[in-house]
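The next block holds one structure in the form of structure tokens; read it before the comments.
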4 protein chains.
Amino acid sequence: MPNPKQQTSKSQTSKKKAQVSPSPERRRELLGIAADVFAEQGYNATTVRKIADAAGMLAGSLYYHFDSKESMLEEILRTFLTELWDGYDNVLKAQLDPRETLEALVTESFREIDRHRAAVAIYQKESKHLVAQQRFQYLSDSQQRFEKAWLTTLERGVAEGVFRGDLDIRLAYRFVRDTVWVAASWYRPGGGHSPEEIARQYLSMVLDGISVRT
Amino acid sequence: MPNPKQQTSKSQTSKKKAQVSPSPERRRELLGIAADVFAEQGYNATTVRKIADAAGMLAGSLYYHFDSKESMLEEILRTFLTELWDGYDNVLKAQLDPRETLEALVTESFREIDRHRAAVAIYQKESKHLVAQQRFQYLSDSQQRFEKAWLTTLERGVAEGVFRGDLDIRLAYRFVRDTVWVAASWYRPGGGHSPEEIARQYLSMVLDGISVRT
Amino acid sequence: MPNPKQQTSKSQTSKKKAQVSPSPERRRELLGIAADVFAEQGYNATTVRKIADAAGMLAGSLYYHFDSKESMLEEILRTFLTELWDGYDNVLKAQLDPRETLEALVTESFREIDRHRAAVAIYQKESKHLVAQQRFQYLSDSQQRFEKAWLTTLERGVAEGVFRGDLDIRLAYRFVRDTVWVAASWYRPGGGHSPEEIARQYLSMVLDGISVRT
Amino acid sequence: MPNPKQQTSKSQTSKKKAQVSPSPERRRELLGIAADVFAEQGYNATTVRKIADAAGMLAGSLYYHFDSKESMLEEILRTFLTELWDGYDNVLKAQLDPRETLEALVTESFREIDRHRAAVAIYQKESKHLVAQQRFQYLSDSQQRFEKAWLTTLERGVAEGVFRGDLDIRLAYRFVRDTVWVAASWYRPGGGHSPEEIARQYLSMVLDGISVRT
DNA sequence: GATGAATGAGATTTCATTCAT
DNA sequence: TATGAATGAAATCTCATTCAT
């Protein structure tokens, strides 16, 4: 399904490395390693050498596969967003009612956190200053689509009387959004809870609150 | 009330600059500027030069006031935590019932975000890897006290039947905690809402959920 | 007098180093050293470290004064061209007849070689691939003005019957131009000949040839 | 006729690749490509990758044919000089009078420029710093023979009264030499002029000057 | 003959920090 | 208090070269 900025990943028509041919498996493998280190230590604090160490090679060797440290980051985030939107678009085009949509989006989000934990953590920490850069344009594009999808869902819910109308809708949006995504900072796949289970509990709290109904 | 690590680690005894004498106002002013830049760009991405630029001086001149970039960070975070615990301790020693305690803690938190927005943002982004360092020991101390205060409150609430007992309590803890503190990433003081107002809405969502009760 | 691209040298309004304040004497001194090394070893083969060595400092220290190796090159060439055009413009606005103009331009050229030997040598070797870069735009601007000044002079001379009309004028232009400027590759100031003396002999050859008149 | 350093230094005996066997045609082809890139971008600025790109292969593959980037350069220049001296020696052994010798040498030079444009351009730019290296010894040998051939011719001409005696002979030598060889920097084979035509015009200028005889 | 992946040395650049003035 | 100049360590990146396949 359509994902943001149909760029097929490698726009680099310029003068440098081909950056397409080198075996995609090795590439993906290395990106996975890099993502883990970025998530763990932060993008800036991660030296190319650390990534190389983790991959069992020398720092310079990474440049056979990637143009730069930044382009690794770029590819990690882009891949994540592409898959995220695959999932989201599936939900959105299903035309569910607002509450079901919200539930599906939250569940899908936790699934993405499960599959792309590192990328999500990186996204959380770095996206704010990346959006300024032309190269990461697709981040703000995605952010806008994201906001639209959630806000619309909430608004529809309010209109249909299933979500409370006495709340500042943008505040509610941020509340739900953050609530879900920060989970990436503590979530460890293979831990006690499956993504679906966490989603269920989170939804329960978000929808019904933590206080006992009287 | 006692706050974590009462100033113990100032390292003054060594060979270097006095680092205390220079007018505390200028010091505070500079720390405020530094905090803004740190919050805006991230600690690692912030060069001493950028701070100096923002302060209208040269990079080297900052070293008259502070002995390192890290010690600025340290002082910013320590100051914030000190004040945070002043507030929290006031709440805790008031011996309110669980729901009132929760409300007071949340409200107090938004007030701190209002007053120390930059420091909170920095804390959110950087604390995870700082805790490893001996120098930032007080961060984990604070974190533990923090967790204890919130968890206890929630548990008491469950025991007293005011909070739902069907939730994973640690999940609920993280839910409330994150939900409140991420606000620092988008909150702009002087914006539409006062901290108290935001607190009220957040509490309403956290306690009662966003869905209409049937 | 007007020189090409009235850019007053430092266009850098961007985010980096001020690059204007640091004492201009030291700056000029360092540029002189750099120019010598560039001329001697070629721009690419010259490492920043070699320049720093020649200046008695560490490689990194150069970056206090200059943005990059390339910006040193740029400033060296720009300074040279600015002064060159000061001289040329003086000649051109004097409205001499074609032969006097040619003599004055050649003499002025040898004076510039004498004063900016290194810059001229660099210019000879590097300008061809630099013109492609946007940053060195002024090189091609200058080249065009240069070509126009010389070609016009030659054409006027042909029209007035003082220069031969049976020659391909562009070939003659290149002949004179190259003949003069390659001298920078072997010229050593303080050697046997003053610039004026060399100019006289070159003019004699260019104007009357090396063969004995019959 | 003998040319400088008859192939002596091939270093084959060492431990490495045979480096001679692989089809000489492919070899020559690749050297032609390499020469073009060297001429275009400068030796240092040319990466092995660029050459490989131009040849439609990968960088590593070049090492099947040559044992280093430098040995390509060496072979290009040696081949050129070998052929140059074939031509020059033919002229010199013909025992022409000074003026005819000069004309023949100039014409021969333009023919070499026509056939080895890239190599000549490389020679112009790089020879100065290559002569220092033991491996390129033959460059200075050639230079010396070259200087001797030309200077002798000029001196004979002066003695016989066909070249002017009032000129600094070394200056005249450099004048003629540079005049001819810089042409390689702008000459494009297949352009308007044949080498012989350019030679004729250049000789006309060098011998008789560009001014109209009175 | 050529590829793909890597090495390792070295280049440019960045930046926290120092220190004499 | 602040400046200007420098240091030195480390970071990113480049590139000739190697080598198993």
Side-chain angles (χ1 to χ4, degrees), chain A residues 16-18 21-23 26-27 30 44-52 55-71, chain B residues 16-17 21-23 26 30 44-52 55-72, chain C residues 16-18 21-23 26-27 30 44-52 55-72, chain D residues 16-17 21-23 26-27 30 44-52 55-72:
Chain A
K16 295 307 266 347
K17 313 246 180 64
S21 29
S23 105
R26 186 72 173 121
R27 208 182 164 68
L30 291 172
N44 278 300
T46 298
T47 70
V48 179
R49 201 174 169 288
K50 280 179 192 162
I51 301 172
M57 64 192 339
L58 293 182
S61 307
L62 280 172
Y63 289 81
Y64 178 76
H65 300 276
F66 308 97
D67 272 350
S68 66
K69 182 182 159 188
E70 203 188 59
S71 76
Chain B
K16 292 320 245 8
K17 313 224 187 77
S21 30
S23 98
R26 185 74 174 121
L30 291 172
N44 277 301
T46 298
T47 69
V48 189
R49 205 176 169 285
K50 280 179 191 160
I51 302 172
M57 62 192 344
L58 292 184
S61 310
L62 281 172
Y63 287 79
Y64 178 77
H65 301 276
F66 309 96
D67 39 42
S68 69
K69 181 182 160 188
E70 204 187 57
S71 75
M72 291 187 203
Chain C
K16 295 307 264 350
K17 314 245 179 66
S21 29
S23 105
R26 186 72 174 123
R27 210 180 162 68
L30 291 172
N44 278 299
T46 298
T47 70
V48 179
R49 202 174 168 289
K50 280 179 193 162
I51 301 172
M57 65 193 337
L58 293 182
S61 307
L62 281 172
Y63 289 80
Y64 177 75
H65 300 277
F66 307 97
D67 273 349
S68 66
K69 182 182 158 188
E70 203 187 60
S71 76
M72 291 188 214
Chain D
K16 292 320 246 5
K17 314 223 184 80
S21 31
S23 99
R26 186 78 173 116
R27 205 180 165 71
L30 291 173
N44 277 300
T46 298
T47 69
V48 189
R49 206 176 168 285
K50 281 179 191 160
I51 301 172
M57 63 191 344
L58 292 184
S61 309
L62 281 172
Y63 287 79
Y64 178 77
H65 301 277
F66 308 96
D67 37 43
S68 69
K69 180 183 161 188
E70 204 188 55
S71 76
M72 291 188 203

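In the text below, chain A, chain B and the rest are named by the order of the sequence lines, each starting its count at 1.
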In whole angstroms, the gap separating C1' of F/dA11 from CG of B/N44 amounts to 12 Å
Considering non-hydrogen atoms only, spot the tightest contact between C/A55 and C/R26 and give its length.
-> O-NH2, 4.2 Å
Which one is paired to F/dC15, where only Watson-Crick or G-U wobble pairs with both distances under 3.5 angstrom count?
-> E/dG8
Hey, what are the protein-to-nucleotides 6-10 of chain E N/O distances that come in under 3.5 Å?
residue: E/dA6; atom: OP1; partner: A/R26; partner atom: NE; Å: 3.2
residue: E/dA6; atom: OP1; partner: A/R26; partner atom: NH2; Å: 3.1
residue: E/dA6; atom: OP2; partner: A/H65; partner atom: NE2; Å: 2.6
residue: E/dT7; atom: OP2; partner: A/L58; partner atom: N; Å: 3.0
residue: E/dT7; atom: OP2; partner: A/S61; partner atom: OG; Å: 2.7

Is there a Watson-Crick or G-U wobble partner for F/dA20 with both distances under 3.5 Å, and if so, which one is it?
-> E/dT3
State which of E/dA16, F/dT12, F/dT17 makes the closest approach to the side chain of D/S68.
-> F/dT17
Comparing A/T46 and D/K50 on DNA chain F - which has the more 5′ nearest nucleotide | A/T46
Minimum heavy-atom distance A/A45-A/K50, with the two atoms named = O-NZ, 3.0 Å
Check C/F66 against C/S71 and note the closest heavy-atom contact, atom names and distance.
-> CB-OG, 4.0 Å
If you measure from NZ on A/K69 to CG on A/L62, what distance do you get to the nearest 0.5 Å?
-> 11.5 Å
CZ of A/R49 versus P of F/dT14: gap in Å, rounded?
-> 19 Å
Closest to the side chain of D/Y63, out of F/dT12, F/dT18, E/dT17, is F/dT18
Find the distance D/R27:CZ to E/dG1:C1' and express it as a whole number of Å.
-> 14 Å
Straight-line distance of C/R27 CZ to C/Y64 OH, nearest 0.5 Å | 11.0 Å
First locate atom CE of B/M57, then atom CG of B/L30, and finally report the distance between them rounded to the nearest 0.5 Å.
-> 5.5 Å
note: A/F66, atom CZ; F/dT12, atom C1'; distance rounded to Å ~ 16 Å
